[in-house]
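Read the structure below first, then the notes.
In what follows, chains carry the letters A, B, and so on, assigned in the order in which the sequence lines appear, proteins first and then strands, with residues in each chain numbered from 1. The analysis underlying the following values was restricted to heavy atoms, covering all of them including side chains, and did not include hydrogens, waters or symmetry mates. All of these numbers come straight from a predicted model, not from anything done at the bench.
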Amino acid sequence: MKILIAEDDTLSRVLLERTLEKAGYEVVPVDDGKRALYELQKEDPPRLALLDWMMPELNGVEVCRLLREKKEQAYFYLILLSSKESKQEIVEGLESGADDYLTKPFDADELKARLRAGERILQLEDRLVEARESMRFQATHDRLTSLWNRGVIVELLSREVSRSRREKNCTVVMLCDLDHFKQVNDTYGHGAGDEVLREVSRRLHSVVRSYDMVGRYGGEEFLVVLNKCDPGSALARADNVRNAVGSKPIMAAGKPLTVTMSVGLALSCEFEASGVDEIIQEADRALYAAKGAGRNCVRKSRPGTAETTPLEPDVSPQTPVLSS
Amino acid sequence: LLVIFQDDSRACLSKARAALANGELSALSRAAHTMKGMMRNLAMNSGAEIAANLETEALEGRKDASEQLLSGLEAAIASILREVEVQMVEVKT
């Protein structure tokens, strides 16, 4: 584990360095408070630090204070090192944000034991951060596919639509639904159905740009959001997405299954007065039309009418295939 | 460590002397603090004691007492350094 030693007295620093290197630490030595602060704010900094109280530039107490002012960072375990021994000084040191206090000259065994206590605190922090991140992921992603979940994808779409209106560009909303997915479940079982959903998710993810968004909207429904999309190319982009799923079989239950997908399209720039829910409804209406046109195709909602535009040049509706 | 002590204690003493000559008692106190730490690390306890007293006296602005203590500290360090040199010659031979 990396440890920072900030000590201006060479002799004390060398003694500390030797003791800690022997104890297996990777030591980063500095001789003033300013450098200590610099080292602790670099990428991948030491998270354990031994700070001498009296140092040039910034003293140990000031380093503790400045570090604790910055909230958004990993926790540092800070031990102040000083020959100041009065209760008042120890209190001042701890109040500045130090976790522990050690008087000089240090006893090697005590120092190592206190550092181990610090490591336990840091490990605990790591575990808590990991648990928080995992819960954050679970709260925002679909468990089966790891795509954004419904609540989050709708929220992201809402932000994207607001932004595209401010910036006068267009967000494309695609509501995608697997054709005859129930048959996959009924014929090959739910395990195979899950494999199909996971593979479809992977394909959807791989066919859009890194800054586009894909979410699971329902059982076999997906919402794809393309940012800053040229309205003229929306249909072609949607057809790419459709094709990414249906163009080659998906291995599930040990068999290659051909699964197709229908896509309903709505463009935010064509529904300027509509809210996000209405835009999704428009995409849903287009999806319904795609299903009605024989599935495995794209339909786009047209503003001001109940009609939808087929993909141009028109792709003849294909009979959905479910083969093994 | 003794070589570091030889170099650093000399440098620190001359810093202390200069601080006293300029009437900068807080700088003198800081130099005494450093010497105190250095000597405690090497279990040079009587020298460390003088440095500790010098640190306090200088911090509290007592120039005469500081002057006396600094002379005492210089003598103590000079005797330690003589001893250190003897030891180092013995180690080499």
Side-chain angles (χ1 to χ4, degrees), chain A residues 5-23 27 29-36 50-63 79-90 92-93 98 101-112 114, chain B residues 1-16 18-19 22 24-60 66 69 73 76-78 80-81 83-85 87-88 91:
Chain A
I5 298 177
E7 166 67 87
D8 59 326
D9 172 32
T10 317
L11 197 92
S12 302
R13 196 174 60 244
V14 169
L15 262 174
L16 280 168
E17 262 184 80
R18 299 245 168 105
T19 308
L20 295 180
E21 274 167 3
K22 264 192 218 160
V27 178
V30 295
D31 59 5
D32 69 55
K34 220 171 173 177
R35 272 183 221 154
L50 275 175
L51 305 166
D52 185 30
W53 186 313
M54 287 181 68
M55 281 187 292
E57 301 288 343
L58 281 175
N59 68 36
V61 167
E62 287 165 333
V63 173
I79 302 182
L80 266 180
L81 211 53
S82 176
S83 52
K84 291 171 183 270
E85 283 163 5
S86 77
K87 291 278 177 234
Q88 196 192 338
E89 284 158 338
I90 295 176
E92 187 190 342
Y101 191 99
L102 209 58
T103 49
K104 289 197 288 191
F106 65 89
D107 174 85
D109 288 333
E110 184 186 355
L111 172 67
K112 284 186 268 181
R114 286 180 188 270
Chain B
L1 290 177
L2 289 174
V3 173
I4 295 172
F5 178 74
Q6 280 180 316
D7 293 346
D8 286 8
S9 63
R10 285 187 187 120
C12 220
L13 275 180
S14 53
K15 216 186 268 179
N22 296 329
E24 292 165 352
L25 292 187
S26 64
L28 173 60
S29 175
R30 272 202 304 281
H33 175 85
T34 307
M35 282 185 282
K36 177 185 74 179
M38 231 185 268
M39 287 190 283
R40 280 191 181 166
N41 275 325
L42 297 172
M44 298 167 177
N45 294 329
S46 55
E49 187 75 14
I50 303 174
N53 290 335
L54 175 58
E55 181 186 1
T56 313
E57 294 297 315
L59 195 65
E60 288 173 3
S66 299
L69 284 165
L73 185 60
I77 288 181
I80 292 169
L81 288 178
E83 184 62 27
V84 166
E85 268 158 35
Q87 297 284 337
M88 284 172 120
V91 169

Discussion item. On a heavy-atom basis, which atom in B/D8 and which in A/D9 lie closest, and how many Å separate them?
Written reply: OD2-OD1, 4.2 Å
Response to the item:
Value for CE (A/M55) from CZ (B/R30), rounded to nearest 0.5 Å, stands at 13.5 Å
Discussion item. Could you measure the distance from the CZ atom of B/R40 to the OG1 atom of A/T103? Nearest 0.5 Å is fine.
Written reply: 8.5 Å
Worksheet item: When rounded to the nearest 0.5 angstrom, what distance separates CG in A/L11 from CE in B/M35?
Response: 13.0 Å
Worksheet, complete the sentence: Rounding to 0.5 Å, atoms CD (B/E55) and CE (A/M54) come to a distance of 6.0 Å
Worksheet item: How many angstroms lie between atom CD1 of B/I4 and atom CG of A/L15, to the nearest 0.5 angstrom?
Response: 8.0 Å
